[in-house]
Amino acid sequence: MSTLKVENLTKEYGDVTALDEVSFEIEDEFAVLLGESGAGKSTLLRCANGLTEPTEGGIHLDGGEIAGSRTDVGMIFQQHNLVDGVSAYLNALTGSLDRVSMLESLMQWQSREDKLRALEALETVGLLDEAHQRVSQMSGGQQQRVGIARALVQEPRLLLADEPVASLDPASAETVMGYLRKAAIEHDVTALVSLHQVNIAAHFGDRFIGLRDGELLFDVGRDELTPELIDELYGNVETVGLAEMDDQAAIGLEDDGADDSTAEDRQRRVQA
Ligand SMILES: Nc1ncnc2c1ncn2[C@@H]1O[C@H](COP(=O)(O)OP(=O)(O)OP(=O)(O)O)[C@@H](O)[C@H]1O
Ligand SMILES: [Mg+2]
C-alpha cells in the first residue's frame, strides 16, 4: 500500500522543458504513462527513482522524499541490465544488493530469507522451473521476467518500468505485462509503467497518465480512457480514426472495416 504523489514537477534541460508542472497522484494502482516520443515519460520516471533532480516541484512516496528512499523504488529497464552469464536465480538474488554487498551477493552469502524471496519472486513471474538456467539462454520475454523478479526481491513500495516490453513481439509483450501486473498486485506495490502500445496499456492499466510536450494532458481511470483522449494525446484531433470508433475496437485495434488508410494511420499512431 503506497501513494506516489507528483507535485508541480518541472524539469528543464537548457531551454527544453521536458516536464512542465506535472501533478498527479496514484495510490495502490497499476498506472500507465502514455505519450508520444519526447513527451517526457522517461524524464518523469527518472525523477521518480531519484536518478534525475527536478528543476522544480517534487515526487513523494508515502509523504517522504524519494531521493532518500531509493531502495523503496524497484526499476525495470527496457534493456534488462541482467548479468548474462549467471542463472536467473542469482540475477533475482542481486535484487537484495541494496541490503548486502555485491561480493556477498555473488558468493551467495545472503540470508536464507533473501534466497527464499528470490525463489518466490521467480515463481511469481512463472520461472521457478528455470531458476538455474543462465539468463543468456533465455528468451527476451523470460529475461524481462527475471528483471521483474529482481525488482521484487528488492521489496520496493513503488515499481517503475520504462517501456519494459518495447523490444518484444506482441505475444511476449502481453505475457510480460501480465506477469508485471500480477507481481504488482501480489506484492501490494504501486506501479508506474510507460508504454508505447496503447492497446496493451488499455488491457493492463487501472489508471492512465497522458503526457504531451511535457504537460499532463489527462489522468484518468479505466472507464474514462476514450478514443478522443488518445487522439488528442497523439496530436491528431482532426484525424478521422479512433474518435469515430467504439472504445473496444479503438483500443483493441480490431479492423472495423474502415478504409485502409484510416486503419493504417491508426495502427501507426497506436504502435508508434
Ligand atoms: N539528458 C537530457 N539532456 C537534454 N535533453 C533531454 C535529456 N533527456 C531528455 N531530454 C529532452 O526532454 C524531452 C523529454 O524526453 P524523454 O526522454 O523524457 O521523452 P520520452 O517520452 O521518454 O520519449 P521516448 O518515447 O522517445 O522514450 C525531449 O525533448 C528530450 O529531448
Ligand atoms: Mg523514453
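Atoms within a ligand are numbered from 1 in the order they appear, just like the ligands themselves. What's counted below: heavy atoms across the whole structure, side chains too, no hydrogens, waters or symmetry copies. Computed from a prediction, not measured in an experiment: that's the story for all the values here.
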CD (Glu25) with more than 12 external heavy atoms under 6.0 Å: yes
Of Val32, Leu192, Asp219, the residue whose pairing with Arg207 passes side chain to side chain contact (heavy atoms under 4.5 Å, CB included): Asp219
If you look only at distance, which donor and acceptor atoms sit under 3.5 Å apart when one is on a side chain in residues 177-190 and the other is two or more places apart or in another chain?
from, atom 1, to, atom 2, distance (Å)
Arg181, NH1, Phe204, O, 2.6
Arg181, NH1, Asp206, OD1, 3.0
Arg181, NH2, Asp206, OD1, 3.1
Lys182, NZ, Thr124, O, 2.7
Thr190, OG1, Ser2, O, 2.7
Thr190, OG1, Ser2, OG, 3.1
Thr190, OG1, Asp28, N, 3.0

Residue pairs, two or more places apart or on separate chains, that pass side chain to side chain donor-acceptor pair (under 3.5 Å) and touch residues 158-173: Ser42-Asp162, Asp162-Ser194, Glu163-His196, Asp169-Ser172
Criterion side chain to side chain contact (heavy atoms under 4.5 Å, CB included) on Asp72 and Leu158, from CA distance to verdict: CA-CA 6 Å; Asp72 287 335; Leu158 176 67; over 6 Å; no
Under-4.0 Å salt bridge between Arg117 and Glu155: yes
Neighbouring protein residues of ligand 1 - any heavy atom closer than 4.0 Å: Tyr13, Val16, Ala18, Glu36, Ser37, Gly38, Ala39, Gly40, Lys41, Ser42, Thr43, Arg46, Glu163, His196
Verdict with reasoning, Leu33 to Ile209, per side chain to side chain contact (heavy atoms under 4.5 Å, CB included): CA-CA 5 Å; Leu33 199 52; Ile209 313 289; 3.7 Å; yes
Arg112 CZ: over 12 foreign heavy atoms closer than 6.0 Å: no
Flag, side chain of Glu215 to backbone of Leu19, donor-acceptor distance under 3.5 Å: no
Atoms named by residue and atom, protein N, O or S, within reach of the Mg ion (ligand 2) (under 2.8 Å): Ser42 OG
